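Below, read A as the first sequence line, B as the second, and so on, with proteins coming before strands; counting in each chain starts at 1. All figures in this text were calculated on a predicted structure; none of them were measured in a lab.
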Amino acid sequence: MSAANVISILSSKKARTMTEPNPAAEQWADALELVAKRQDTAAFERLFKHFAPLIKAFALSSGLHKQGDHLPDELVQEVMLAIWRKSASYDRRKAAASTWIFTIARNQRIDMLRRLSKYRGDVSADEIWDLESDTELFGEIRQSRVQEHVRIGLYELPVDQRQVMAKVFLEDKSHQEVADEMGLPLGTVKSRVRLAMKKMKLSLEAYDL
Amino acid sequence: MSQWHPQTEQLVEFAAGTCHTGISVAISVHLHYCPECRKRLSELESASAVLFEHQKPIAVSDNLFASVLSEIQQGKVTESVKPAAPARATSRYPKALSSLIPGTLEELEWRSPMKNLKVTHLMTDESGLIVGLHHMKAGGRVPNHQHRGDEISVVLEGGFSDELGTYGPGDFIFRTEEDVHSPQADAHEDCLMLSVVSAPVKLTGALGWLINPFLKA
């Protein structure tokens with residue numbers, strides 16, 4: 001292990017003692033574990049009540065409803081079923097529950113959009129996006145720190161940066177598509193995203209880590 | 001450890017799932033080799049999750065939970081007790097290539113468009129990006145050439161160098177159409193690369209990939 005890794009783990013330990021545990025985040029991780037261990041439908045219903053309306057918003061933000069009124073609910077259903085099916089592979093030491101659920105929603109949305117287009121893909125989203133699992137032990141601490149910075153940063157973002165962030169990160173639009181939609185030069189969109197990422201303390205280049 | 005990485009914008013689009021399939025495959029292959037970029041990706045996904053949770057919730061239809069639950073209880077969804085199936089243990093290649101390279105390299109159909117170079121076609125994505133493999137013989141130099149359109153290469157095995165650098169496994173090399181280069185494989189080992197190129201407009205026919213990516217040899 002390199003010196004840099006040791007330092008990042010030490011500072012993560014420090015972060016654990018300094019950061020208040022986030023009860024909401026813990027609650028969702030607990031619920032996922034109950035689903036995995038006991039097929040607990042009450043825990044699953046709590047997850048559904050919180051996340052299903054967010055998954056639906058995520059579906060609508062990409063314009064899925066324009067291709068069929070039933071599709072947003074269908075995406076919610078597929079994502080919730082995938083959560084049930086995959087819950088045993090959730091590891092709270094590696095990822096926050098919301099991050100894990102977001103990645104499932106993203107992959108299911110990609111697959112659904114591809115099925116709707118004429119293009120028949122050769123590779124499923126899970127093959128591309130479900131990477132070999134890292135064994136980084138403090139992934140959760142690291143993530144909760146990242147999420148804290150992003151939450152704080154989000155409130156301080158000027159409207160133009162916040163708007164572009166939402167479009168690029170959630171609405172299924174590339175930088176170029178956002179530029180076209182907003183009538184902005186591509187460079188402006190890229191720099192707004194980079195400025196927002198800086199405010200949220202996200203690494204811009206690999207050597208920022 | 002990999003020294004050449006995707007640009008921030010490319011990784012952001014990968015995290016959001018908005019880049020074309022060909023580029024997603026190339027980035028996924030790079031991530032297989034690059035723990036630094038996997039950390040960056042996990043940061044971006046954490047950030048996306050925060051934005052995701054800040055959305056205005058939209059009510060789902062009243063009976064949706066009941067119908068999800070009934071599907072589960074009918075036993076159609078039974079995998080929750082066992083972890084997801086592991087990636088094919090026998091594959092030498094990253095998971096993103098498991099469907100594209102189902103067997104051995106020898107089973108693929110290879111062409112040799114230039115001296116010291118063999119290429120094979122794996123897929124053409126929804127935007128016309130051509131995903132293939134390039135194989136250079138140990139020590140072999142490919143003649144000076146220019147690409148039409150951008151090209152991404154990710155080294156899978158061995159290594160090579162050109163006028164701009166030296167590359168090894170996992171390195172993610174992005175070249176625009178202005179770049180002219182003559183890559184040379186490392187002396188001791190053959191070099192295998194994933195290649196993603198944009199298809200030239202005039203060559204979209206069935207045989208286009210035979211001529212692309214090296215149009216101006």
Quiz item: Given the rule in the side chain to side chain contact (heavy atoms under 4.5 Å, CB included) test, do B:M123 and A:V123 qualify, once you have shown the distances and angles that lead to the verdict?
Solution: CA-CA 9 Å; B:M123 69 175 282; A:V123 192; 4.0 Å; yes
Quiz item: Going through the checks in order, is the side chain to side chain contact (heavy atoms under 4.5 Å, CB included) test met by B:F65 and A:M80?
Solution: CA-CA 9 Å; B:F65 181 71; A:M80 291 310 301; over 6 Å; no
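With a 4.5 Å cut-off on non-hydrogen atoms, A:F44 touches chain B through its backbone and its side chain both. With a 4.5 Å cut-off on non-hydrogen atoms, B:L100 touches chain A through its side chain but not through its backbone. Looking at A:F58, both its backbone and its side chain come within 4.5 Å of chain B, counting heavy atoms on both sides. For A:H149, no part sits under 4.5 Å from any heavy atom of chain B, backbone or side chain. There is no contact between A:L113 and chain B, counting heavy-atom distances below 4.5 Å. Neither the backbone nor the side chain of A:N107 has a heavy atom closer than 4.5 Å to any heavy atom of chain B. For A:E45, the parts lying under 4.5 angstrom from a heavy atom of chain B are both the backbone and the side chain. For A:T103, the part lying near chain B is the side chain, with the backbone staying farther off; criterion is any non-hydrogen pair under 4.5 Å.
Here the straight-line distance linking atom CE of A:M200 with atom CD of B:E43 works out to 12.0 Å at 0.5 Å rounding. Note that the SG atom of B:C19 and the CD1 atom of A:I110 stand 8.5 Å from one another [nearest 0.5 Å]. Residue B:E53 holds its CD atom at 5.0 Å from CZ of A:F51, rounded to the nearest 0.5 Å. In this structure, CD on B:E13 lies 9.0 Å from CD on A:Q176, to the nearest 0.5 angstrom. One finds the CD atom of A:E177 at 7.0 Å from the OG1 atom of B:T18 (value rounded to the nearest 0.5 Å). We find the CG-CG distance between A:L202 and B:L11 to be 11.0 Å, quoted to the nearest 0.5 Å.
For B:H20, the NE2 atom is loosely surrounded, since the number of other residues' heavy atoms within 6.0 Å does not exceed 12. Other residues, nucleotides and ligands contribute over 12 non-hydrogen atoms within 6.0 Å of the CG atom of B:N63.
In this structure, the side chains of A:I128 and B:T21 come closer than 4.5 Å at one or more pairs of heavy atoms. Residues B:L44 and A:M197 have side chains in contact (heavy-atom distance under 4.5 Å, counting atoms from C-beta outward). Proximity of B:E9 to A:V193: side-chain heavy atoms (C-beta onward) are nowhere separated by under 4.5 Å. B:V60 has its side chain within reach of A:F48: a pair of non-hydrogen atoms, C-beta onward, lies under 4.5 Å apart. Taking the side chain as every heavy atom from C-beta outward, B:S67 and A:Q77 approach each other to under 4.5 Å.
With hydrogens and angles disregarded, no donor-acceptor distance shorter than 3.5 Å links the side chain of A:W129 to the backbone of B:S28.
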Name the atoms and distances for all side-chain donor-acceptor pairs under 3.5 Å in residues 156-169 of chain A, with sequence neighbours left out.
residue: A:Q161; atom: OE1; partner: A:K199; partner atom: NZ; Å: 3.3
residue: A:R162; atom: NH1; partner: A:L154; partner atom: O; Å: 3.3
residue: A:K167; atom: NZ; partner: A:E181; partner atom: OE2; Å: 2.7

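Residues A:Q147 and B:A49 share a closest heavy-atom pair of NE2-CB, 3.8 Å. A:Y155 approaches B:H54 most closely through the heavy-atom pair OH-NE2, 3.4 Å. Contact between A:E127 and B:S98 at its shortest, heavy atoms only, is OE2-OG, 3.0 Å. Between B:V50 and A:R151 the shortest heavy-atom distance is CG1-CG, 3.7 Å. When all heavy atoms are compared, the tightest approach of B:F52 to A:L54 is O-CD2, 3.7 Å. When all heavy atoms of B:L64 and A:D73 are compared, the closest pair comes out as CD2-O, 3.9 Å.
In terms of non-hydrogen atom pairs under 4.5 Å with chain A, the most contact-rich of B:A15, B:S46, B:A59, B:G17 is B:S46.
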